[in-house]
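A quick note: this is a predicted structure, and the numbers were derived from the prediction, not measured.
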Amino acid sequence: ENVEGYEDGASTAYMRVVSTQGTYFDLHVKPKNGNEHILTGTVSLSKHAKNGNWNVTQIVVKDIIGNARFEGADDFIWRMYVNNPLEDLISPQYVNETLEYSLQEIMEEDHLINELTITFEVDENLNMAQNGPVYITLANRSSEFQSSTGGKYGTFDEETRIGTIVFRFTEYMPIGEYYVSRIALTDEAKNKSNVFFSDSSLDQPIQVVTINSTDPDTTKPELDLNM
């Protein structure tokens with residue numbers, strides 16, 4: 001069923017633009033001045049982004065009700081050349097053995113919160129990304145919850161070269177030994193790197209911190225199909 005005024009147009013489109021280095025940015029475009037036949041969007045690239053050609057292999061176009069069309073490289077022509085003589089091709093790196101935990105208990109609206117601050121040093125030759133420079137995945141080592149418990153972006157101090165992420169645990173979080181399982185880094189030129197923590201000799205060694213909760217909730221929600 002068509003929506004009046006949007007029979008032939010699009011409400012949004014998305015594409016990933018990739019350099020020959022493998023760095024990339026995501027570009028979302030929307031109707032220009034309400035014209036759903038002309039979509040436009042802008043993105044800013046650092047002067048340190050990869051020099052040369054950038055390509056798009058697929059464009060996803062959606063209408064107002066979510067119908068999607070996937071346009072392949074044979075369906076459109078893309079030309080983009082970035083003239084950046086100051087390109088940066090060096091990815092940021094985690095400095096080994098600099099991961100540290102700081103745990104403190106705080107009261108907030110009569111709730112006991114365990115606040116875990118995670119810090120580590122980064123070796124970066126220029127500048128880190130302004131948005132999402134550091135990202136951490138946290139996991140619970142307890143056998144019942146031996147999987148990722150979630151990830152979070154953090155901040156980066158350009159002077160100290162230290163990344164910081166703060167996790168907050170309510171009294172309902174499962175008790176156990178938590179640890180950083182992955183650190184992801186992104187610099188201003190969109191160079192990325194990942195470091196993993198595990199029992200494997202190929203990864204960084206696991207460092208655990210014990211989280212105690214006063215009222216842990218370990219019961220999974222269930223969908224009542226009879227309602």
query = Going through the distances and angles, do N51 and E87 end up as a side chain to side chain donor-acceptor pair (under 3.5 Å)?
reply = CA-CA 6 Å; N51 183 65; E87 66 175 7; 4.7 Å; no
message = Just checking E115: does its CD atom have more than 12 heavy atoms from other residues, nucleotides or ligands closer to it than 6.0 angstrom?
response = yes
task = Could you tell me whether the side chain of N125 and the main chain of L89 form a donor-acceptor pair under 3.5 Å?
result = no
inquiry  = Do V18 and F25 land in one hydrophobic cluster if side-chain heavy atoms of ILVMFWY residues count as linked below 4.5 Å?
reply    = no
ask   = Hey, is the main chain of L86 close enough, under 3.5 Å, to the side chain of H48 for a donor-acceptor pair?
value = yes
message = If we ignore hydrogens and angles and just use 3.5 Å, is the side chain of S46 paired with the main-chain N or O of A189 as donor and acceptor?
response = no
Minimum heavy-atom distance between L138 and V180, given as atom pair plus value = CD1-N, 3.9 Å
query = Quick check: does any side chain N or O of Q204 sit under 3.5 Å from a backbone N or O of N96, one acting as donor and the other as acceptor?
reply = no
inquiry  = Could you check whether atom CD of Q58 has more than 12 heavy atoms from other residues, nucleotides or ligands sitting under 6.0 Å from it?
reply    = yes
query = With distance as the sole test, does K190 use its side chain to make a donor-acceptor pair with the main-chain N or O of A49 at under 3.5 Å?
reply = no
task = Please check if the side chain of W78 supplies one atom and the backbone of W54 the other of a donor-acceptor pair under 3.5 Å.
result = yes
request  = Would you confirm whether the ring centroid of Y178 sits within less than 6.0 angstrom of the ring centroid of F167?
outcome  = no
query = When rounded to the nearest 0.5 angstrom, what distance separates CG in D26 from OH in Y14?
reply = 3.5 Å
inquiry  = Which heavy atom of L39 sits nearest to which heavy atom of A13, and what is that distance?
reply    = CD1-CB, 3.7 Å
key: Donor-acceptor contact present, side-chain Q207 to main-chain L99, <3.5 Å   = yes
key: Distance, nearest 0.5 Å, that separates OG1 of T137 from OH of Y179   = 10.5 Å
inquiry  = If you define the side chain from C-beta out and look only at heavy atoms, does anything of L185 sit under 4.5 Å from M128?
reply    = yes
ask   = Within a strict 4.5 Å, meaning less than it, do heavy atoms of the R168 and I106 side chains meet?
value = yes
ask   = Just by modelled atom types, is the N35 backbone N or O under 3.5 Å from a matching donor or acceptor in the N33 side chain?
value = no
remark   = The single option from F156, Y153, Y94 that satisfies ring pair (Phe, Tyr, Trp, His ring centres under 6.0 Å) with Y135 is Y153
task = Could you tell me whether a side-chain N or O of T119 sits under 3.5 Å from a main-chain N or O of T164, the two making a donor and an acceptor?
result = no
ask   = When you measure from the side chain of D187 to the backbone N and O of L126, does any donor-acceptor pair fall under 3.5 Å?
value = no
inquiry  = As a quick check of understanding, evaluate side-chain contact (heavy atoms from CB on, under 4.5 Å) for R141 and D199, giving each step before the final call.
reply    = CA-CA 11 Å; R141 200 170 192 180; D199 293 325; 2.8 Å; yes
